[in-house]
**Q** 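Pasting in a structure now, in structure tokens, and then I'll have a few things to ask.
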Number of protein chains: 2
Amino acid sequence: MQDDDIANIMRALGHPVRLSILRFLASQQQRECCCGDVTESLPLAQSTVSQHIKVLLDAGLIERKPHGTRNRYMIRQDRLAELGTAFGGLIDGLNLRAPHKETEPA
Amino acid sequence: MQDDDIANIMRALGHPVRLSILRFLASQQQRECCCGDVTESLPLAQSTVSQHIKVLLDAGLIERKPHGTRNRYMIRQDRLAELGTAFGGLIDGLNLRAPHKETEPA
DNA sequence: CATGTTCATCGCAATTCACCGATTAAATTC
DNA sequence: GAATTTAATCGGTGAATTGCGATGAACATG
């Protein structure tokens with residue numbers, strides 16, 4: 001994952017409403033969870049929530065699964081893990097970088 | 001650290017140029033490192049770089065140390081560590097959370 | 001086929017962002 | 001104290017973001 005991708009995801013995470021949406025999805029993950037549910041949990045219009053969902057979709061942080069008239073959304077755990085790794089690497093790389101990167105002993 | 005702060009920092013990290021600036025600062029950390037140096041390393045105007053630096057400053061990711069006519073910048077390692085923790089907590093919280101909420105204001 | 005539900009998408013307004021050149025402020029140097 | 005250096009800030013422009021209500025597509029049901 002390179003800087004552009006990381007920046008992209010960071011921007012997607014860079015809005016309180018989108019963090020709320022992710023948190024909500026996490027808390028409801030095993031049940032049905034459609035756009036309407038998310039909208040009910042927020043003081044925003046349905047269209048606005050749909051937009052935010054699209055941003056999260058584009059960043060690859062969630063996935064859509066059509067189910068009848070509604071769409072079920074869920075967090076992409078694989079991408080979260082990937083992001084965790086990339087972010088760790090970023091922080092690590094910013095941490096007083098030496099001439100070459102090496103895993104330091106604890 | 002709450003969602004607004006996290007979102008704020010994420011937004012600060014959500015731009016490739018700002019990631020580049022952080023990486024540059026990390027690579028030069030022990031030497032003098034002023035706005036001009038950063039500007040030279042990027043295809044952007046000085047004013048633009050200064051703006052990005054301000055965003056990073058406001059997010060608390062770097063600090064400024066006046067030194068003669070120039071300002072020396074450096075990464076705030078303490079904040080990076082803090083951020084790492086907060087981010088880990090975020091990812092963790094999104095990772096299939098069990099349906100119990102403990103802290104709830106009435 | 002008509003109706004209702006769900007939700008993505010389409011305008012549209014207001015705000016913010018990213019970038020630039022020009023200016024200003026502060027410190028140094030002559 | 002004038003000139004130089006460094007860099008923050010101002011003003012402006014165009015693009016993107018955030019919010020909304022309204023429209024329309026896809027599906028289910030009467």
Side-chain angles (χ1 to χ4, degrees), chain A residues 3-25 28 31-76, chain B residues 3-25 28 31-76:
Chain A
D3 271 12
D4 270 352
D5 302 311
I6 295 183
N8 222 21
I9 295 180
M10 291 300 165
R11 216 179 325 131
L13 291 176
H15 197 291
V17 166
R18 286 191 292 265
L19 289 181
S20 295
I21 292 176
L22 288 177
R23 288 241 165 79
F24 181 79
L25 288 182
Q28 304 272 321
R31 302 183 218 164
E32 344 235 304
C33 199
C34 57
C35 180
D37 297 329
V38 180
T39 302
E40 266 180 30
S41 79
L42 292 168
L44 292 170
Q46 178 266 321
S47 55
T48 303
V49 173
S50 195
Q51 289 270 53
H52 282 298
I53 284 179
K54 183 171 167 47
V55 173
L56 292 172
L57 265 176
D58 289 346
L61 291 170
I62 61 178
E63 66 182 319
R64 176 192 297 172
K65 226 169 61 178
H67 195 256
T69 56
R70 48 191 88 174
N71 287 328
R72 201 176 290 175
Y73 288 100
M74 51 206 326
I75 292 183
R76 285 188 55 183
Chain B
D3 272 11
D4 268 351
D5 303 311
I6 295 183
N8 220 20
I9 295 180
M10 291 301 162
R11 218 178 324 133
L13 291 176
H15 196 290
V17 167
R18 286 191 292 263
L19 289 182
S20 295
I21 292 176
L22 288 177
R23 288 241 165 79
F24 181 78
L25 288 183
Q28 304 272 321
R31 302 183 218 163
E32 343 235 304
C33 198
C34 57
C35 180
D37 297 329
V38 180
T39 302
E40 265 181 29
S41 79
L42 291 167
L44 292 170
Q46 177 264 322
S47 56
T48 304
V49 173
S50 195
Q51 291 267 49
H52 283 299
I53 285 179
K54 184 171 167 45
V55 173
L56 292 172
L57 265 177
D58 288 348
L61 291 170
I62 62 178
E63 66 182 319
R64 176 191 299 171
K65 226 168 61 178
H67 195 256
T69 56
R70 47 191 90 176
N71 288 327
R72 202 175 290 173
Y73 288 100
M74 52 205 326
I75 293 184
R76 285 188 54 183

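Throughout, a chain's letter reflects where its sequence line sits, starting with A, and its residues are numbered from 1.
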**Q** With heavy atoms of chain B within less than 4.0 Å as the criterion, where does contact along DNA chain C begin and end?
**A** C:dC17 to C:dT28
**Q** Take atom NZ of B:Lys54 and atom C1' of D:dC10, then tell me their distance rounded to the nearest Å.
**A** 13 Å
**Q** Between P on D:dT17 and CE on A:Met10, what's the gap in Å once rounded to a whole number?
**A** 17 Å
**Q** Are any non-hydrogen side-chain atoms of A:Leu25 and A:Tyr73 less than 4.5 angstrom apart?
**A** yes
**Q** I need the NE2-C1' distance between A:His52 and D:dG19, as an integer number of Å.
**A** 8 Å
**Q** Heavy atoms, side chains only, cut-off 4.5 Å: are A:Arg11 and B:His15 in contact?
**A** no
**Q** Hey, which of these two, A:Gln46 or A:Val17, hits DNA chain D nearer its 5' end, going by closest nucleotide?
**A** A:Val17
**Q** Which part of the nucleic acid, if any, lies within reach of B:Leu44 when heavy atoms closer than 4.0 Å are counted: base, sugar-phosphate only, or nothing?
**A** sugar-phosphate
**Q** Can you find a heavy atom in the side chain of A:Leu13 that is under 4.5 Å from one in the side chain of A:Leu22?
**A** yes
**Q** Return yes if some donor-acceptor pair links the side-chain N/O of B:Ser20 with the main-chain N/O of B:Pro16 below 3.5 Å, else return no.
**A** yes
**Q** Is there a side-chain contact between B:Thr48 and B:Leu42, using heavy atoms and a 4.5 Å cut-off?
**A** no
**Q** Is A:His15 near enough to D:dG19 that one of its side-chain N or O atoms lies under 4.0 angstrom from OP1 or OP2?
**A** yes
**Q** Check the distance between D:dT18's C1' and B:Arg11's CZ and give it to me in whole angstrom.
**A** 11 Å
**Q** Whole angstroms only, please: what is the CD1-P distance between A:Ile21 and D:dT18?
**A** 11 Å
**Q** What is the distance, rounded to the nearest whole Å, between atom NE2 of B:His67 and atom C1' of D:dT5?
**A** 15 Å
**Q** Does a side-chain heavy-atom distance below 4.5 Å link A:Arg76 with A:Leu61?
**A** no
**Q** Using a heavy-atom cut-off of under 4.0 Å over every strand shown, decide if B:Arg72 touches base, sugar-phosphate, or nothing.
**A** nothing
**Q** Nearest-Å distance, CD (A:Gln51) to P (D:dT17)?
**A** 10 Å
**Q** Using a 4.5 Å cut-off on heavy atoms from C-beta on, say whether the side chain of B:Cys35 contacts that of B:Asn71.
**A** no
